[in-house]
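The structure appears below as structure tokens.
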Number of protein chains: 2
Amino acid sequence: MGSLTEENYIKSIYALSEATGEVYVSELAKKLEVKLPSVNSMVKRLATKKLVAYAPYKGIKLTEKGKKEALAIIRKHRLAELFLVKVMGLGWEEVHDIAEQLEHVNSSRFYERIDELLNRPKFDPHGEPIPDSNGKIHNQQRTSLIHLEEGLTATITAVTEDEKSFLDHLNAKGLQIGDAVTIKKRELFDGSITLLHKSKKEILLTHQVAERIWVEV
Amino acid sequence: MGSLTEENYIKSIYALSEATGEVYVSELAKKLEVKLPSVNSMVKRLATKKLVAYAPYKGIKLTEKGKKEALAIIRKHRLAELFLVKVMGLGWEEVHDIAEQLEHVNSSRFYERIDELLNRPKFDPHGEPIPDSNGKIHNQQRTSLIHLEEGLTATITAVTEDEKSFLDHLNAKGLQIGDAVTIKKRELFDGSITLLHKSKKEILLTHQVAERIWVEV
DNA sequence: ATAAATTGTTAGACGACTCTAATATTTTAA
DNA sequence: TTAAAATATTAGAGTCGTCTAACAATTTAT
Ligand SMILES: [Mn+2]
Ligand SMILES: [Mn+2]
Ligand SMILES: [Mn+2]
Ligand SMILES: [Mn+2]
């Protein structure tokens with residue numbers, strides 16, 4: 001276990017590499033809100049610790065060791081989020097920032113107990129999968145709302161963003177994980193989508209919002 | 001809110017000053033397990049931040065601001081300990097180390113919720129008082145077991161130590177907060193004490209252990 | 001009252017993490 | 001294919017928190 005800063009770098013590298021496989025110094029700098037030289041020197045340090053593979057001017061890649069550490073932190077983050085919602089009664093929109101801190105708590109006992117109390121949960125409050133204690137992640141196939149044809153009905157399974165402002169927006173629209181929705185209209189002009197919700201209300205979502213909502217048909 | 005390190009200094013200064021009012025650099029160094037010059041330079045920093053009053057070769061004293069911060073951290077520590085025991089089902093001997101980490105979590109929402117769930121508790125699992133959200137602490141008058149006359153019966157209200165090894169020792173002896181005990185014998189030679197416990201068992205405690213147990217007659 | 005022991009401070013250094021300014025490499029566009 | 005733009009690295013410095021070694025002040029014991 002490295003420092004808090006190190007853990008945050010590892011986690012961000014993992015998150016960014018999910019899509020592409022390789023991560024660039026500039027992306028990481030943006031995500032972590034630090035300047036390029038800071039990332040450059042930290043990445044060198046991570047490389048000497050064998051947490052990332054890195055050659056100057058080439059991309060950054062997590063080693064197996066680094067990936068394992070990333071998954072351990074993500075596991076703690078997501079367990080914490082679910083715990084905050086299910087046991088402590090907080091809203092899904094307010095748990096991410098607290099979990100950002102709790103994910104660095106070093107205590108297998110603490111997390112073992114959370115896992116037990118929640119009955120070895122598989123998904124966090126935002127529908128993200130929780131890696132098991134070996135770092136194995138149960139990957140669902142995901143479709144974004146924006147890819148659904150008009151007339152189709154689907155169930156919301158996850159959102160790919162847990163920033164408060166985004167989740168507040170969904171709360172205001174009355175959307176939750178598990179809700180069934182039917183695509184009523186897809187606007188060609190701006191990509192916005194009108195849903196028919198189980199509450200019988202019509203809900204208009206902009207493209208920007210709809211693309212962050214994942215469903216299962 | 002200062003850094004984690006700063007918070008730990010403030011907390012230790014508060015703990016040490018509880019008895020004497022003034023704290024010396026060497027005591028603090030011992031408690032924090034750092035060398036004298038480290039303490040010296042940190043204390044200077046804390047002084048420029050008006051968290052302590054300090055003059056070279058004189059003692060260290062928390063300012064009102066410093067005291068307030070100390071009590072806020074202690075509040076979080078003790079709320080966390082009680083939460084870990086009552087809600088998460090951990091043992092009183094294993095919560096201190098986790099609380100050492102949780103006390104630095106910065107989230108009023110998190111602690112407000114814990115306080116609520118525990119119904120605004122007044123004491124932590126070791127019988128220590130929990131300061132209220134204004135830093136007000138409900139001070140009980142405390143008597144140590146070693147000051148009780150033979151024949152007296154009293155209730156255990158607190159232990160002044162939450163190190164695992166000490167609490168494991170009490171667990172092995174079967175002693176808990178709230179237990180009634182009668183002083184059967186006080187040995188003059190080594191200060192050890194024989195108790196009669198509600199479980200009808202006789203329990204022998206060394207002076208070193210007995211002096212850390214507080215009772216109410 | 002001087003010496004010895006204890007306690008505290010200063011000087012100087014180092015690791016972790018960050019920054020700005022200057023420079024180098026790679027990519028893209030003319 | 002050279003110039004411009006985008007990316008990445010190096011050089012050098014600053015803060016925080018720690019250390020060792022050397023020195024200074026205070027307390028205690030002879
Ligand atoms: Mn999150
Ligand atoms: Mn989440
Ligand atoms: Mn404690
Ligand atoms: Mn306690």
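This structure is a prediction, so every number in the text was calculated from the model and none was measured. Naming convention: chains lettered A, B, ... in sequence-line order (proteins, then strands); numbering from 1 in each chain.
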Nearest whole angstrom, please: distance from the [atom2] of [N] to the [atom1] of [X].
X	N	atom1	atom2	value
A:L4	D:dG17	CG	C1'	16 Å
B:E22	C:dT7	CD	C1'	15 Å
B:Y24	D:dA25	OH	P	18 Å

- request: For A:K30, answer base if it contacts any base atom (sugar-phosphate contacts may also be present), sugar-phosphate if it contacts only those atoms, and nothing otherwise; contact means non-hydrogen atoms under 4.0 Å.
  value: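 The answer is nothing, as A:K30 stays clear of every strand by at least 4.0 Å.
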message: Between B:D162 and B:W92, do the side chains contain a donor N or O and an acceptor N or O under 3.5 Å apart?
response: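 Checked: B:W92/B:D162 side chains show no N/O donor-acceptor pair below 3.5 Å.
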- prompt: Cut-off 3.5 Å, side chains only: do A:T20 and A:E22 have a donor facing an acceptor?
  reply: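 Not at all, the side chains of A:T20 and A:E22 share no donor-acceptor pair under 3.5 Å.
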task: Test B:N106 against B:Y111 for side-chain hydrogen bond (donor to acceptor under 3.5 Å, both in side chains), laying out the working first.
output: CA-CA 9 Å; B:N106 176 17; B:Y111 279 102; over 6 Å; no
Closer than 4.0 Å, any side-chain N/O of [X] to the OP1 or OP2 of [N]?
X	N	value
B:S26	C:dT6	no
B:N40	C:dG8	no
A:K44	D:dT10	yes

Test: A:E94 and A:K164 ion pair at under 4.0 Å: no
message: Does this structure show an ion pair linking B:K11 with B:E103, if we count only N-O contacts that are shorter than 4.0 Å?
response: yes
Write out a two-atom table: protein N or O, nucleotide N or O from nucleotides 18-23 of chain C, distance below 3.5 Å.
{"unit_1": "C:dT18", "atom_1": "OP2", "unit_2": "A:Y9", "atom_2": "OH", "d": "3.0"}
{"unit_1": "C:dC19", "atom_1": "OP2", "unit_2": "A:K35", "atom_2": "N", "d": "2.8"}
{"unit_1": "C:dC19", "atom_1": "OP2", "unit_2": "A:S38", "atom_2": "OG", "d": "2.5"}

task: Would you jot down, in residue-number order, the residues of residues 10-18 of chain B having a non-hydrogen atom under 4.0 Å from DNA chain C?
output: none
- line: With sequence neighbours left out, the residues meeting side chain to side chain contact (heavy atoms under 4.5 Å, CB included) with B:V25 are B:L36, B:V39, B:I60
message: Go nucleotide by nucleotide along DNA chain C from the 5' end; which of A:K58 and A:K49 gets its closest nucleotide reached first?
response: A:K49
- prompt: Which class fits the ring pair A:F123 and A:H138: parallel under 30°, tilted 30 to 60°, perpendicular over 60°?
  reply: perpendicular
- prompt: Between A:H77 and A:H96, is the gap from one ring center to the other below 6.0 Å?
  reply: yes
- prompt: Taking side chain as C-beta onward, heavy atoms only, is B:I193 less than 4.5 Å from B:I146?
  reply: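 Heavy-atom side-chain distance check passes, below 4.5 Å.
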